[in-house]
Amino acid sequence: TNWFPDFWYNSLLHTTAPQVIVPDSKLIQHMNASNMVRLRIGNLEYMLFALGQLLQVVRAANGAQYIIQPQQSVVLQQQVIPQMQPGGVQAPVIQQVLAPLPGGISPQTGVIIQPQQILFTGNKTQVIPTTVAAPTPAQAQITATGQQQPQAQPAQTQAPLVLQVDGSGDTSSEEDEDEEEDFDDDDDEEEDKEKDGAEDGQVEEEPLNSEDDVSDEEGQELFDTENVVVCQYDKDGIMNLNGRDYIFSKAIGDAEW
Amino acid sequence: MAYGLYRNTTLGNSLQESLDELIQSQQITPQLALQVLLQFDKAINSRLVQRVRNRANFRGSLNTYRFHDNVWTFVLNDVEFREVTELIKVDKVKIVACDGKNTKKHRRDFLKFILALQK
């Protein structure tokens with residue numbers, strides 16, 4: 001069974017030029033089958049690790065496998081699985097990504113962060129933040145960065161991903177998971193909040209401002225008793241006055257406001 | 001493309017009511033009724049231009065004015081309309097005026113806009 005939403009498997013994570021190529025044998029012995037999944041997308045193979053690191057697998061002509069570590073690690077965060085084993089990885093390259101989480105993780109901690117939907121469009125990477133409704137009230141956000149060892153390489157060359165704790169991810173709201181409409185939800189929610197605020201303001205101020213309205217409604221009971229002139233400006237028209245129809249090719253008038 | 005402006009006249013309303021009756025009794029389809037109304041629009045617009053030559057004047061007080069989507073809407077009070085033959089007084093009148101010039105230009109521009117969208 002898949003750990004992650006299906007669309008993750010269908011998405012392609014394509015990163016910038018690889019920085020390190022590590023021979024397969026070094027890695028595999030430290031990999032734990034329970035925290036790694038192999039993906040094949042098109043012609044490309046990937047290894048997706050529990051903490052979200054996605055490594056591309058390249059097979060050489062002689063059958064050897066090479067793991068390419070992308071220069072920037074796009075951190076995908078997911079629900080902590082109780083049987084995940086922290087630690088146990090000694091390869092310096094991998095440790096950067098798979099370092100044990102600080103303080104260990106208690107199985108009771110339900111950590112839901114927002115998975116990012118990665119879309120592969122040509123050569124570009126698009127990261128579309130998505131939201132997942134949090135099943136537990138406590139939302140602890142954990143970034144899988146190595147903390148026990150000094151970073152061997154600069155972690156990310158681009159701006160770190162900003163995780164959202166409010167808005168659509170808010171547990172107080174009843175919003176369902178909306179994968180690609182996150183932005184719309186945010187906008188709608190902001191508008192709703194503003195409206196609520198405005199209404200509250202108005203209720204308090206109504207006694208004060210109610211005298212400002214002088215005009216009555218223009219369309220009070222628009223019966224046909226109301227005389228109507230329909231025309232085009234600078235052209236002809238038809239009038240219905242006192243129940244009779246009149247016509248003109250040009251009408252000119254004065255009215256003071 | 002003529003305005004459906006004149007449908008809200010005695011003539012236009014009578015036509016619409018008749019068409020509605022025919023639709024109710026299922027003697028014509030709604031599509032046909034729509035075509036009839038479109039033809040009415042064309043006919044009345046062109047006839048007004050061709051056949052009507054008289055002028056009218058009016059004077060009153062302006063209650064409200066509105067300009068939206070190129071349509072003027074006025075509400076006047078205590079208005080006197082003057083035609084050559086007669087004088088008409090009303091307490092309240094609503095004047096709806098669409099843009100009479102450049103109707104063809106609007107259609108052309110609209111088509112251009114649609115085509116541009118598809119590129």
Side-chain angles (χ1 to χ4, degrees), chain A residues 119 121-124 126 128 180-181 183-184 187-188 191 194-195 198 202 205-206 208-257, chain B residues 2-13 44-67 70-103:
Chain A
L119 288 187
T121 56
N123 290 328
K124 293 183 281 187
Q126 271 187 346
I128 300 174
E180 291 185 7
E181 295 175 3
F183 294 119
D184 293 334
D187 288 340
D188 290 341
E191 286 174 12
E194 285 174 9
K195 275 185 206 163
Q202 246 185 6
E205 293 180 0
E206 217 173 36
L208 294 175
N209 286 348
S210 55
E211 313 93 49
D212 287 350
D213 269 344
V214 175
S215 65
D216 52 355
E217 280 189 23
E218 169 201 325
Q220 289 172 337
E221 296 175 351
L222 287 171
F223 293 125
D224 216 10
T225 54
E226 182 182 299
N227 304 291
V228 175
V229 175
V230 287
C231 54
Q232 303 182 38
Y233 42 93
D234 294 351
K235 270 173 78 171
D236 39 58
I238 302 177
M239 306 189 281
N240 181 289
L241 307 170
N242 294 327
R244 290 182 65 174
D245 271 352
Y246 301 87
I247 212 164
F248 59 85
S249 66
K250 199 177 262 307
I252 296 185
D254 289 317
E256 226 174 87
W257 180 65
Chain B
Y3 284 117
L5 176 65
Y6 300 106
R7 296 188 193 182
N8 190 23
T9 55
T10 309
L11 198 57
N13 282 323
I44 198 150
N45 269 281
S46 65
R47 287 298 175 269
L48 278 178
V49 170
Q50 291 169 8
R51 302 280 287 263
V52 181
R53 288 283 173 256
N54 62 320
R55 286 177 64 120
N57 281 294
F58 61 92
R59 180 176 286 276
S61 54
L62 185 61
N63 184 310
T64 60
Y65 57 91
R66 176 183 299 161
F67 184 60
N70 275 321
V71 177
W72 277 107
T73 306
F74 303 100
V75 175
L76 273 62
N77 289 123
D78 300 327
V79 201
E80 271 185 16
F81 286 86
R82 235 169 259 260
E83 272 203 84
V84 178
T85 49
E86 52 194 301
L87 170 70
I88 309 130
K89 286 193 187 174
V90 291
D91 291 333
K92 179 179 172 192
V93 64
K94 178 155 124 175
I95 300 180
V96 178
C98 296
D99 190 353
K101 31 189 170 144
N102 300 333
T103 43

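Below, chains carry the letters A, B, ... as their sequence lines are ordered, and counting in each starts from 1.
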Minimum heavy-atom distance between [X] and [Y], given as atom pair plus value:
X: A/Q232; Y: B/N45; result: NE2-OD1, 2.7 Å
X: A/C231; Y: B/I95; result: SG-CG2, 4.2 Å
X: A/D245; Y: B/L11; result: OD2-N, 4.1 Å
X: A/V229; Y: B/F81; result: CG2-CZ, 4.1 Å

Straight-line distance of [X] [atom1] to [Y] [atom2], nearest 0.5 Å:
X: B/Y65; Y: A/W257; atom1: OH; atom2: CH2; answer: 4.0 Å
X: B/F58; Y: A/I252; atom1: CZ; atom2: CD1; answer: 9.0 Å
X: B/Y6; Y: A/D236; atom1: OH; atom2: CG; answer: 4.5 Å
X: A/I247; Y: B/R51; atom1: CD1; atom2: CZ; answer: 10.5 Å

- Query: Hey, is the main chain of B/K89 close enough, under 3.5 Å, to the side chain of A/N242 for a donor-acceptor pair?
  - Reply: yes

**Item:** Donor-acceptor pair, side chain of B/S61 and main chain of A/A255, under 3.5 angstrom
**Value:** no

Whatever's closer than 4.5 Å to a heavy atom in chain A on B/R53 counts as backbone

If one checks every heavy atom of B/L5 against chain A at 4.5 Å, the contacting part turns out to be both

Residues at least two apart in sequence or cross-chain that pass side-chain contact (heavy atoms from CB on, under 4.5 Å) with B/A56, listed by chain then number, are A/M239, A/F248, A/A251, B/E83

Would you say the side chain of A/I238 lies within less than 4.5 Å of the side chain of B/I44, judging by non-hydrogen atoms?
yes

Hits for salt bridge (charged side-chain N to carboxylate O under 4.0 Å, His left out) against A/R244, two or more places apart or cross-chain, chain-then-number order -> none

Scored by heavy-atom pairs under 4.5 Å with chain A, the best of B/T10, B/V71, B/N77, B/D91 is B/T10

Given B/N54, B/I88, B/T9, the one with more heavy-atom pairs under 4.5 angstrom with chain A than any other is B/N54

Bottom line for A/D234: the part with an atom under 4.5 Å from chain B's heavy atoms is side chain

Legend entry - CD/B/Q50: more than 12 non-hydrogen atoms of other groups inside 6.0 Å: yes

